Peer 1: 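What follows is a single structure, and I will ask about it in a moment.
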Amino acid sequence: MPATAGSTLISVRNLSKIYKPKRSAPTVALDDIQLDVAEGEFIALVGPSGCGKTTLMNILAGLVTTYDGEATVGGRVINGPLPEVGVVFQTPTLLPWRTIEQNVMIPIEVQRLDRQRYTERAKKLMATVGLGGFEEKYPRELSGGMQQRAGICRALVHDPAVLLMDEPFGALDAMTREFMNEELRRIWLGSGKTIVFVTHSIPEAVFLADRVVVMTPRPGRIAEIVPVDLPRTRSLADLTSKAGVEATTRIRAHFDQVAAID
Ligand code: ADP
């Protein structure tokens with residue numbers, strides 16, 4: 001947990017989720033999950049496919065509303081999307097007929113917030129992530145990395161306290177992905193946001209997070225929560241430092257036992 005972290009913002013208590021499809025056997029996607037995330041903290045969730053990462057994110061995003069146990073943000077029970085939570089998906093899902101700025105402004109329209117005030121904010125955010133000058137372009141005119149940055153702006157535009165990111169950089173090439181990781185840390189450090197980030201990549205998790213939640217499948221459980229003892233301002237080179245290697249080794253050990261992470 002970072003030195004500057006505040007009080008608990010996200011709380012998950014005895015959380016279980018069983019999918020009960022009509023034509024097949026039930027699946028225990030999450031089994032008795034306990035997790036507290038502090039205000040301002042960066043949490044990464046890692047684990048192989050099927051360990052319940054997306055289910056947990058969908059519960060926190062208010063997209064899956066039937067579950068056992070308790071999940072709260074700022075003390076409010078999550079039973080639908082909350083305005084204090086922004087979500088970035090695996091693909092940027094920008095609307096092709098809208099300009100980048102119009103896409104970024106979607107949450108403002110949906111939540112009927114002050115358009116003028118938030119247009120200023122949208123422009124500032126786009127400048128921060130290197131999209132200044134691209135406001136009037138259409139998604140097809142931008143690279144994959146730029147589209148994903150627009151998706152991040154859209155998730156942040158209404159100034160949510162929490163940002164949920166479900167494998168947001170999985171579709172990008174390795175170089176762009178590293179760049180986006182550095183960008184994301186920079187944005188996060190300047191924003192005070194609380195981030196929960198799903199990834200298949202152990203190095204990505206260690207580079208980004210204060211703590212890495214290691215999940216294992218069938219049923220989806222938290223195997224260990226690994227603290228990452230790297231400086232707040234860090235570079236990719238820190239992954240090869242003693243603390244970086246220690247965290248990576250500890251996380252990887254779980255998957256050597258179960259199966260390769262895919
Ligand atoms: P991950 O994101 O770690 O790959 P998921 O949360 O997508 O894991 O899935 C966890 C388990 O729940 C898997 O076994 C998956 O098949 C099952 N599952 C996910 N969504 C549904 C659903 N809508 N209906 C039935 N089973 C599901």
Side-chain angles (χ1 to χ4, degrees), residues 10-37 42-73 78-82 85-93 148 151-152 155 162-172 177 180-181 184 194-209 211-226 247-248 250-262:
I10 302 172
S11 173
V12 169
R13 288 272 164 274
N14 312 108
L15 180 70
S16 297
K17 170 69 190 174
I18 305 176
Y19 290 107
K20 294 173 183 152
K22 286 202 181 82
R23 283 169 220 286
S24 51
T27 303
V28 183
L30 294 173
D31 184 35
D32 203 27
I33 302 288
Q34 323 285 342
L35 181 66
D36 278 340
V37 182
F42 200 132
I43 289 286
L45 300 180
V46 294
S49 286
C51 69
K53 302 181 298 295
T54 296
T55 300
L56 179 54
M57 292 296 262
N58 284 342
I59 290 172
L60 296 178
L63 302 174
V64 167
T65 52
T66 54
Y67 53 84
D68 295 315
E70 196 178 77
T72 59
V73 173
I78 308 171
N79 50 19
L82 295 176
V85 176
V87 185
V88 181
F89 298 101
Q90 291 176 15
T91 51
T93 58
Q148 198 53 288
I152 294 171
V162 175
L163 192 57
L164 303 176
M165 308 183 83
D166 190 354
E167 290 196 70
F169 306 141
L172 303 177
R177 187 167 179 165
M180 293 297 288
N181 280 334
L184 179 61
T194 304
I195 299 187
V196 183
F197 185 103
V198 166
T199 179
H200 275 98
S201 160
I202 296 171
E204 184 170 73
V206 172
F207 174 67
L208 288 173
R211 290 187 298 156
V212 178
V213 176
V214 182
M215 296 184 66
T216 49
R218 282 173 288 279
R221 287 203 178 121
I222 294 181
E224 190 183 358
I225 300 181
V226 177
T248 306
R250 230 168 114 178
I251 296 164
R252 188 154 282 140
H254 290 278
F255 306 114
D256 290 344
Q257 287 161 18
V258 187
I261 194 163
D262 50 19

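As a basis for the values below, the full set of heavy atoms in this structure was taken, side chains included, without hydrogen atoms, waters or symmetry mates. Because the structure is predicted, anything quoted here is derived from the model rather than measured. Each ligand, and each atom within it, is numbered from 1 in the order the structure gives.
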Peer 1: Going by atom types only, do Lys17 and Thr66 share a side-chain donor-acceptor pair under 3.5 Å?
Peer 2: yes

Peer 1: Among all protein non-hydrogen atoms, which one is nearest to atom 1 (P) of ligand 1, and what is the separation to 0.1 Å?
Peer 2: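 Here the closest protein heavy atom is Gly50 N, 3.4 Å.
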
Peer 1: Any protein heavy atom sitting closer than 4.0 Å to atom 27 (C) of ligand 1?
Peer 2: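 Yes, there is a protein heavy atom closer to it than 4.0 Å.
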
Peer 1: Specify the closest pair of heavy atoms between Leu60 and Val85, including all atoms of both residues, with the distance to one decimal.
Peer 2: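 The pair with the smallest heavy-atom distance is O-CG1, 4.4 Å.
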
Peer 1: Short check: is a protein heavy atom less than 4.0 Å from atom 7 (O) of ligand 1?
Peer 2: yes

Peer 1: Once you round to the nearest 0.5 Å, how far does CE of Met57 lie from CG of Leu164?
Peer 2: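 If we round to the nearest 0.5 Å, Met57:CE and Leu164:CG are 4.5 Å apart.
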
Peer 1: Taking distance alone, with N or O pairs closer than 3.5 Å, would you say Ala29 contacts ligand 1?
Peer 2: no

Peer 1: Supply the atom-to-atom distance Gln34 CD to Glu70 CD, rounded to the nearest 0.5 angstrom.
Peer 2: 10.5 Å

Peer 1: If we check side-chain contact (heavy atoms from CB on, under 4.5 Å) with Tyr67, which of these qualifies: Ile18, Leu30, Ile78, Thr55?
Peer 2: Ile78

Peer 1: Got the closest protein heavy atom to atom 5 (P) of ligand 1, with its distance?
Peer 2: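 Result: Thr55 OG1, 3.7 Å.
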
Peer 1: Where is the nearest protein heavy atom to atom 15 (C) of ligand 1: which residue, which atom, and how far?
Peer 2: Thr27 CG2, 4.7 Å

Peer 1: For Pro48, counting its heavy atoms only, list the atoms of ligand 1 lying under 4.0 Å from any of them.
Peer 2: 3 (O)

Peer 1: Strictly distance-based, threshold 3.5 Å: is any side-chain N or O of Lys53 a donor or acceptor partner for the main-chain N or O of Phe197?
Peer 2: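 Not confirmed, Lys53 side chain does not pair with Phe197 backbone.
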
Peer 1: From Leu35 CG over to Arg211 CZ, what is the distance, rounded to the nearest 0.5 angstrom?
Peer 2: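 If we round to the nearest 0.5 Å, Leu35:CG and Arg211:CZ are 6.5 Å apart.
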
Peer 1: Considering both backbone and side-chain atoms of Pro21, is one of its nitrogen or oxygen atoms within less than 3.5 Å of a nitrogen or oxygen in ligand 1?
Peer 2: no

Peer 1: Provide, to 0.1 Å, the distance between atom 25 (C) of ligand 1 and the closest protein heavy atom, together with that atom's residue and name.
Peer 2: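 Here the closest protein heavy atom is Tyr19 CB, 3.4 Å.
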
Peer 1: Can you tell me if Ser49 has a non-hydrogen atom under 4.0 Å from ligand 1?
Peer 2: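 In this structure, Ser49 qualifies as a contact of ligand 1 - some heavy atom is under 4.0 Å.
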
